[in-house]
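Positions are given from 1, in the same order as the sequence printed here.
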Amino acid sequence: SRFTIVEAGAENGQLASDLLDRLSQAGPAIRWCYVIVEPNKLKQEQQRQRLRGKSDEQELVPTGSVRWVKSLDELGPITGIILGNELLDAIPTRVVEFSEDRWREVCVTLEDDSFKFGLEPIKDQRLAAGVDKIPLPLPQPYRTEVNLAATDWIGDAAKTLRCGFILMIDYGYSRNDYYSPLRREGTVALYRSQQRQENMFEAIGETDITAHVDFTAVVEAGLEAGCQLLGFTDQHHFMIGAGENRMRSFENSEGGQDRDQFLRAYKTLMHPEMMGLAFKYLLMGKHVSTIAKPTGFRYASEAKKALGK
């Protein structure tokens, strides 16, 4: 059987392109197929253009295939890996506020032909259960998020996986850090044309809305769906482990353009004040050994402790 690589939310296809280049170098010893989960037809076409020449139609990737599906539901149980790179932070979240000694949901209301935010009692029992897990005491007012859709997605991913791994890469925190008393305004952020925005109700439909990931909640959903927790770390420590062999190969080699280019990118990715601490890597598995881990988790701290479990 083939090893199936599933990437959800491939955006412009850059990660898929890089992975396919590396996979094509593996030779016929590894039988694999690459599946992109993308519900948006326009993005599917953009990804096809980016990956043109790397699908079976062009027969340039004889060891595997590239195909698209709209949702995980279209896949049967697979043996392989499900990847999500900056996926969960883009999934719509619920916003709640703690004020007057109680939690309420932040909802959008229409007032005098204008959209505004209003506070409503929490009626959704799942949302109420999520709010109950937020550590108290907190300053008031305190606004934050509970992403039920993100945990649902992890449950769906676990059902799709017969045997293999789920690797999530995203901005986020453990639950205790996510709901820090110092983070009174939550983590929702707005971007348009790569510029930070402030007004949620301007350029509706043209603005990217993101929120950081509560990785503790994600892990709880994965465990409940039958997965094992294999690793959790920040990008700084992940890059130290993943890049160790490449770095050692430079010790006895002369400098060159490729080496210098790699080192510049490497330092940017792992620098604590840039992307090194902001990005987190979460690895979960199903029916796999918990002993052998990818090199990126070689220097990770104990996952359960880091997640407050």
Side-chain angles (χ1 to χ4, degrees), residues 8-9 39-40 71-72 84 86-158 168 170-192 196-225 278 280 282 307-309:
N40 187 298
S71 70
L72 290 172
E86 292 191 70
L87 169 73
L88 298 182
D89 74 337
I91 293 179
T93 187
R94 309 282 283 273
V95 180
V96 294
E97 181 176 296
F98 187 62
S99 56
E100 300 176 0
D101 295 324
R102 57 179 173 153
W103 285 104
R104 286 172 289 181
E105 185 170 11
V106 179
C107 300
V108 177
T109 63
L110 184 63
E111 189 175 306
D112 297 327
D113 294 326
S114 298
F115 289 119
K116 295 183 178 179
F117 287 120
L119 299 178
E120 299 290 338
I122 295 176
K123 300 177 182 178
D124 186 328
Q125 294 302 309
R126 290 184 64 212
L127 180 59
V131 162
D132 285 343
K133 295 180 180 180
I134 299 176
L136 296 175
L138 290 169
Q140 301 184 50
Y142 182 92
R143 189 167 289 195
T144 190
E145 308 87 32
V146 176
N147 200 329
L148 301 177
T151 54
D152 287 344
W153 187 91
I154 288 294
D156 292 340
M168 307 307 299
D170 227 317
Y171 292 99
Y173 310 98
S174 66
R175 176 174 290 141
N176 287 338
D177 288 338
Y178 195 107
Y179 300 112
S180 165
L182 301 177
R183 197 167 284 112
R184 298 183 62 161
E185 299 299 323
T187 71
V188 170
L190 314 174
Y191 294 93
R192 187 168 64 254
R196 187 75 178 257
Q197 306 297 315
E198 297 298 330
N199 191 338
M200 181 80 73
F201 303 123
E202 285 184 0
I204 294 174
E206 301 174 13
T207 303
D208 290 329
I209 305 173
T210 71
H212 282 39
V213 178
D214 173 3
F215 277 103
T216 303
V218 170
V219 166
E220 288 173 347
L223 294 174
E224 187 176 336
K280 303 296 192 304
L282 171 67
L307 289 161
K309 299 298 293 174

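No donor-acceptor pair closer than 3.5 Å links the side chain of Arg94 to the backbone N or O of Ala149.
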Let me have the donor-acceptor pairs involving side chains of residues 130-141, under 3.5 Å, with sequence neighbours excluded, atom names and distances please.
{"unit_1": "Lys133", "atom_1": "NZ", "unit_2": "Glu220", "atom_2": "OE1", "d": "3.2"}
{"unit_1": "Gln140", "atom_1": "OE1", "unit_2": "Glu100", "atom_2": "N", "d": "2.8"}
{"unit_1": "Gln140", "atom_1": "OE1", "unit_2": "Asp101", "atom_2": "N", "d": "2.8"}
{"unit_1": "Gln140", "atom_1": "NE2", "unit_2": "Asp101", "atom_2": "OD1", "d": "2.7"}

Quick one: do Arg143 and Glu97 satisfy salt bridge (Lys or Arg N to Asp or Glu O under 4.0 Å)? Show the steps, please. CA-CA 4 Å; Arg143 189 167 289 195; Glu97 181 176 296; 2.7 Å; yes
Give the C-alpha distance, both sets of side-chain angles, the deciding distance and a yes or no for side-chain contact (heavy atoms from CB on, under 4.5 Å) between Thr187 and Thr93. CA-CA 11 Å; Thr187 71; Thr93 187; over 6 Å; no
Run the side-chain contact (heavy atoms from CB on, under 4.5 Å) check on Thr144 and Phe98 step by step: do they pass? CA-CA 9 Å; Thr144 190; Phe98 187 62; over 6 Å; no
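Within the 4.5 Å cutoff, side-chain heavy atoms of Val188 are placed close to those of Glu145. Between Ile154 and Met168 there is a side-chain heavy-atom pair separated by less than 4.5 Å. Counting heavy atoms from C-beta on, the side chains of Phe115 and Leu110 come closer than 4.5 Å. In this structure, the side chains of Asp214 and Asn147 stay at 4.5 Å or more apart for every pair of heavy atoms. Side-chain atoms of Tyr171 and Thr210, non-hydrogen and from C-beta on, never get closer than 4.5 Å to each other.
Between Phe117 and Phe201, the angle of the ring planes lies from 30° to 60°, which puts this pair in the tilted group.
A ring-centre distance under 6.0 Å is not found for His212 and Tyr178.
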